[in-house]
Q: 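To start, I am sharing the structure in question, which I have written as structure tokens.
Scope of the values below: all heavy atoms of this structure, side chains included, with no hydrogens, waters or symmetry mates. A, B, ... follow the sequence lines: proteins, then strands. Residue 1 opens every chain.
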Amino acid sequence: KNQVEQSPQSLIILEGKNCTLQCNYTVSPFSNLRWYKQDTGRGPVSLTIMTFSENTKSNGRYTATLDADTKQSSLHITASQLSDSASYICVVSAINDMRFGAGTRLTVKP
Amino acid sequence: DTAVSQTPKYLVTQMGNDKSIKCEQNLGHDTMYWYKQDSKKFLKIMFSYNNKELIINETVPNRFSPKSPDKAHLNLHINSLELGDSAVYFCASSPWLAGSKNIQYFGAGTRLSVL
């Protein structure tokens, strides 16, 4: 059964600190993995997208990693800012199938 | 200019009513989607259309009927609304069907409350 699990469910950090969010999946056959940021009351916005052959992708202060062998991905946020407070959603695609994780709710406090 | 626009933004209605949500994209994309996000913030795909043809149809009650008059529009009609239909519905579009290295663009969502 194709599934995507994210951890932790929620996370609180202080402004300026780094953090890492995890995504484990069982989706097969794997096509690509994306990380989205969803601000409260808004639609998700794409941060990174990686295919099988890519094991790291950066977008500013966001760096995603992918280990296709262990079926794990992480999203690392460096020097967090208050505007990073949002839900981060991992999405894994197979052909004609797309599975969303439940998201990690990140709160950055001053 | 808004890339993916949904209307209405909020929809409050009584159980048993029929309602529609409209979605339009001006990005020239071939593929459009409808997602449901429940109270636990879990996003689930409902439908996907590619060039006006239904591609993905997840296990969704047949009270939900998508309609794509052209590839820039994908509307969602819901019959006989039930309390469990209360959620935020997101429309999205992408250059082609998920499975390749495309990026989905989401609308701002329609918050549906069924009383």
Q: When hydrophobic residues are tied together by side-chain contacts of less than 4.5 Å, even through go-betweens, does Leu115(B) share a cluster with Leu11(B)?
A: no
Q: Looking only at non-hydrogen atoms, find the nearest pair between Gln104(B) and Phe100(A) and report the distance.
A: OE1-CZ, 4.4 Å
Q: Less than 4.5 Å to any heavy atom of chain B: does that hold for the side chain of Arg99(A), its backbone, both, or neither?
A: side chain
Q: Hey, any chance Leu82(A) and Leu11(A) share a hydrophobic cluster, counting ILVMFWY side chains that come within less than 4.5 Å of each other, even indirectly?
A: yes
Q: Please classify the contact between Lys9(B) and chain A as side chain, backbone, both or neither, with a heavy-atom cut-off of under 4.5 Å.
A: side chain
Q: Would you say Val45(A) and Ile89(A) are hydrophobically clustered, going by side-chain heavy atoms of ILVMFWY under 4.5 Å?
A: no
Q: Measure distances from Tyr35(B) to the heavy atoms of chain A and classify the residue's part below 4.5 Å as side chain, backbone, both or neither.
A: side chain
Q: Would you mind checking which part of Tyr36(A) comes under 4.5 Å of any heavy atom in chain B, side chain (CB onward), backbone (N, CA, C, O), both or neither?
A: side chain
Q: Check whether Val12(B) and Tyr89(B) end up in the same hydrophobic cluster, where Ile, Leu, Val, Met, Phe, Trp and Tyr are linked by side-chain heavy atoms less than 4.5 Å apart.
A: no
Q: With only heavy atoms counted, which part of Gln6(B) is less than 4.5 Å from chain A, the side chain, the backbone, both or neither?
A: neither
Q: Are Leu14(A) and Ile77(A) co-members of a hydrophobic cluster defined by side-chain heavy atoms under 4.5 Å apart?
A: no
Q: For the candidates Pro44(A), Ala102(A), Gly101(A), which exhibits the highest count of non-hydrogen atom pairs separated by less than 4.5 Å from chain B?
A: Pro44(A)
Q: CZ of Arg111(B): more than 12 outside heavy atoms within 6.0 angstrom?
A: no
Q: Can you find a pair of side-chain heavy atoms, one from Gln38(A) and one from Phe106(B), that are under 4.5 Å apart?
A: no
